[in-house]
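First up is the structure itself, then whatever we jot down about it.
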Amino acid sequence: MGSEKKFITVAELREHNKAGDLWISIQGKVYNVSDWVKEHPGGDTPLLNLGGQDVTDAFLAYHPGTAWQYLDKLFTGFYLEDFKASEVSNDYRKLYFEIAKMGLFEKKGHGTLYCLTCVALMLSIVVYGVLKSESVLVHLVCGMLLGMLWIQSAYIGHDSGHYQVMSSPKYNRVVQLISGNCLTGISIAWWKWTHNAHHIACNSLDHDPDLQHIPVFAVSSKLFNSITSCFYGRKLTFDPVARFLVSYQHFTFYPVMMVGRVNLFIQTFLLLFSTRNVPDRVKNILGLLVFWTWFPLLVSCLPNWPERVMFVLASFAVTALQHIQFCLNHFSANVYLGLPNGNDWFEKQTYGTIDISCSSWMDWFFGGLQFQLEHHLFPRLPRCQLRNISPVVRDLCKKHNLPYRSLSFWAANASTIRTLKSAAQEARDLTSPVPKNLVWEAVNTHG
């Protein structure tokens with residue numbers, strides 16, 4: 001005769017929400033992930049953010065069916081007694097299983113092969129143009145082409161970080177290191193660290209690192225209160241310098257995007273040479289050594305310093321297209337403060353994302369991320385399937401009276417600039433509780 005089930009309440013589960021005492025529930029069963037958090041392939045941040053909650057929706061979104069086998073050893077023996085999933089969550093789970101039944105998670109197409117081929121072709125053209133041509137115009141075009149190469153390579157890294165694009169996990173990790181560290185100079189370890197946190201806490205001002213750009217940008221006046229970043233573990237101080245920069249952010253947005261790559265390089269080095277536990281640290285550093293060998297060497301092959309500077313700036317400027325796109329997907333969407341709630345997974349993604357509408361022949365340009373909501377709801381779904389499920393997601397949003405925002409590229413730019421301008425105008429209000437700065441006030445006395 002089997003033993004009776006043991007139950008705990010939602011309130012009791014919520015008490016186990018910190019490092020060293022971390023429990024979660026999935027489909028009614030309660031798991032102790034206090035030790036597993038150190039081994040979790042997605043890092044500790046997602047589990048710490050959702051600790052003490054039911055995480056069924058997030059678990060389904062991020063994990064393949066093979067992940068279920070690892071849960072048994074973490075089972076506490078308890079079941080969740082008084083938890084009831086929302087109607088939205090039930091519909092989301094139903095849609096997830098329908099997609100899985102159709103095999104869409106496994107139907108990856110040949111997008112990765114095409115992208116890798118294009119990247120190899122572009123790199124060959126860039127190297128040939130730099131070495132064999134003496135034309136300044138050719139060198140300028142090669143710099144721009146290198147920027148496009150970085151964009152497409154980043155999409156490959158992004159895809160391989162979310163799902164297996166190669167025939168085995170081993171080859172998938174190789175593609176990550178090549179497309180990220182070796183070709184773009186941006187660590188795949190850094191990307192995973194920040195990107196997983198972004199997906200879990202989409203548009204949370206204090207938990208989503210993709211919205212924490214003080215002192216340069218602020219998408220909400222809530223950031224004027226010098227909130228603490230729970231991701232970085234430090235205060236996002238809104239001082240007079242930040243207020244000055246934010247006051248003109250709607251003018252500086254595009255120029256900053258053109259050199260935004262420099263910040264990504266800096267963030268990569270800060271992580272890899274920090275005291276944090278970084279998976280595959282040595283491999284990531286070796287990958288960066290490859291990049292910082294071939295890229296400076298290629299630039300040095302140009303005939304003079306003006307052309308070298310032109311080449312580098314042109315390559316950086318083109319990548320601004322990708323940086324801008326990432327901002328368009330979130331900057332003008334809804335924001336909130338605090339931890340994400342495991343039971344409103346679908347709602348949080350709809351409120352925090354904006355799709356970019358475009359023709360199917362432009363999908364390569366956006367890397368599938370124009371379907372930002374679809375990607376956030378089903379991050380393991382290959383990009384070639386996102387357009388197919390878009391109508392279903394739109395209908396589900398309509399059914400539950402949730403936003404489904406799909407703007408043209410130009411309309412999304414306008415919306416983002418309006419958001420930045422609105423925050424900038426609030427920052428200019430001299431009654432804001434920020435320490436006095438006479439230079440700032442003198443500059444802004446007449447608007």
Side-chain angles (χ1 to χ4, degrees), residues 104-133 138-188 191-192 195 261 264 283-284 286-288 290-295 297-299 301 311 314-323 325-326 356 358-371 375 379-388:
L104 297 187
F105 289 111
E106 287 72 42
K107 294 178 181 178
K108 301 167 186 176
H110 301 291
T112 301
L113 177 61
Y114 297 151
C115 273
L116 286 171
T117 302
C118 288
V119 166
L121 181 61
M122 286 189 284
L123 183 59
S124 300
I125 293 173
V126 169
V127 172
Y128 184 85
V130 168
L131 297 180
K132 297 298 184 179
S133 176
V138 169
H139 294 162
L140 174 62
V141 172
C142 285
M144 296 172 68
L145 192 60
L146 179 60
M148 187 58 67
L149 180 158
W150 284 338
I151 289 176
Q152 293 302 318
S153 188
Y155 287 144
I156 297 173
H158 175 268
D159 289 350
S160 64
H162 275 297
Y163 58 89
Q164 189 172 304
V165 301
M166 303 300 286
S167 58
S168 72
K170 177 181 177 181
Y171 291 134
N172 203 62
R173 286 191 291 270
V174 170
V175 168
Q176 289 176 358
L177 288 170
I178 292 176
S179 61
N181 300 54
C182 297
L183 285 177
T184 70
I186 299 171
S187 167
I188 193 67
W191 176 85
K192 285 182 178 179
H195 199 65
R261 196 160 201 83
L264 301 185
K283 292 178 182 177
N284 273 266
L286 290 175
L288 289 186
V290 172
F291 174 82
W292 289 109
T293 298
W294 74 259
F295 180 53
L297 189 61
L298 179 67
V299 173
C301 293
F311 181 87
S315 62
F316 283 14
V318 169
T319 61
L321 292 169
Q322 190 173 63
H323 304 323
Q325 179 196 343
F326 295 158
I356 309 297
C358 70
S359 300
S360 58
W361 66 271
M362 282 293 289
D363 285 355
W364 68 273
F365 180 79
F366 293 103
L369 298 182
Q370 73 275 28
F371 295 107
H375 168 63
R380 291 193 305 106
L381 195 64
R383 71 165 90 164
C384 61
Q385 302 295 346
L386 294 173
R387 183 175 289 275
N388 297 330

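For clarity, every value in this text was computed on a predicted model and none was experimentally measured. Heavy-atom basis, side chains included; hydrogens, waters and symmetry copies ignored.
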Inset, instruction - Answer whether the closest heavy-atom distance between the side chains of Trp150 and Gln322 falls below 4.5 Å. - result: no

Let me have the donor-acceptor pairs involving side chains of residues 117-130, under 3.5 Å, with sequence neighbours excluded, atom names and distances please.
unit_1: Thr117; atom_1: OG1; unit_2: Leu113; atom_2: O; d: 2.8
unit_1: Ser124; atom_1: OG; unit_2: Ala120; atom_2: O; d: 2.9

Legend entry - Separation of Ile186 CD1 from Ser153 OG (nearest 0.5 Å): 9.0 Å

Legend entry - Thr184 OG1 to Ile151 CD1 distance, which is reported to the nearest 0.5 Å: 11.5 Å

Inset, instruction - List the atom of Leu288, the atom of Ser187, and the distance in Å for their closest heavy-atom pair. - result: CD2-N, 4.4 Å

Inset, instruction - Take atom CE of Met166 as the centre, draw a 6.0 Å sphere, and report whether it contains more than 12 heavy atoms from other residues, nucleotides or ligands. - result: yes

Atom pairs and distances, donor-acceptor, side-chain atoms in residues 171-182, under 3.5 Å, two or more places apart:
unit_1: Asn172; atom_1: OD1; unit_2: Val165; atom_2: N; d: 2.7
unit_1: Asn172; atom_1: ND2; unit_2: Ser160; atom_2: O; d: 2.9
unit_1: Gln176; atom_1: OE1; unit_2: Lys192; atom_2: NZ; d: 3.1
unit_1: Gln176; atom_1: NE2; unit_2: Ser160; atom_2: O; d: 2.7
unit_1: Ser179; atom_1: OG; unit_2: Gly157; atom_2: N; d: 3.4
unit_1: Ser179; atom_1: OG; unit_2: Val175; atom_2: O; d: 2.7
unit_1: Ser179; atom_1: OG; unit_2: Gln176; atom_2: O; d: 3.4
unit_1: Asn181; atom_1: OD1; unit_2: Ile188; atom_2: N; d: 3.0
unit_1: Asn181; atom_1: ND2; unit_2: Asn284; atom_2: O; d: 2.9
unit_1: Asn181; atom_1: ND2; unit_2: Asn284; atom_2: OD1; d: 3.0

Inset, instruction - Report the distance from atom CZ of Arg380 to atom NE2 of His375, rounding to the nearest 0.5 Å. - result: 12.5 Å

Inset, instruction - Search all heavy atoms of Cys384 against all heavy atoms of Gly109 and return the closest pair with its distance. - result: SG-N, 4.1 Å

Legend entry - Arg383: partners by salt bridge (Lys or Arg N to Asp or Glu O under 4.0 Å), with sequence neighbours left out: Asp159

Inset, instruction - Kindly write out the residues that satisfy ring pair (Phe, Tyr, Trp, His ring centres under 6.0 Å) with His195, not counting sequence neighbours, or none if the list is empty. - result: His158, His162, Trp191, His198, His199

Legend entry - Approximate separation, where rounding is to 0.5 Å, of Phe311 CZ and His139 NE2: 8.5 Å

Inset, instruction - For Arg387, check salt bridge (Lys or Arg N to Asp or Glu O under 4.0 Å) against everything at least two apart and list the hits. - result: Asp363

Legend entry - Heavy-atom check, side chain of Phe365 versus side chain of Gln370, under 4.5 Å: no

Legend entry - Main-chain N/O of Phe366 paired to Gln325 side chain as donor or acceptor, under 3.5 Å: yes

Legend entry - Val290 side chain reached by Leu286 side chain, heavy atoms, under 4.5 Å: no

Legend entry - Shortest non-hydrogen contact from Gln152 toward Trp364: NE2-O, 3.2 Å

Legend entry - Point-to-point distance, once rounded to the nearest 0.5 Å, from CG of Leu369 to CD1 of Ile356: 10.5 Å

Inset, instruction - Under the ring pair (Phe, Tyr, Trp, His ring centres under 6.0 Å) rule, collect the residues that match up with Phe291, sequence neighbours excluded. - result: Phe265, Trp294, Phe295

Inset, instruction - Measure the shortest side-chain to side-chain distance between Leu264 and His323 over non-hydrogen atoms and say whether it is less than 4.5 angstrom. - result: yes

Legend entry - Nearest-0.5 Å distance, CG of residue Leu381 to CZ of residue Phe105: 5.5 Å

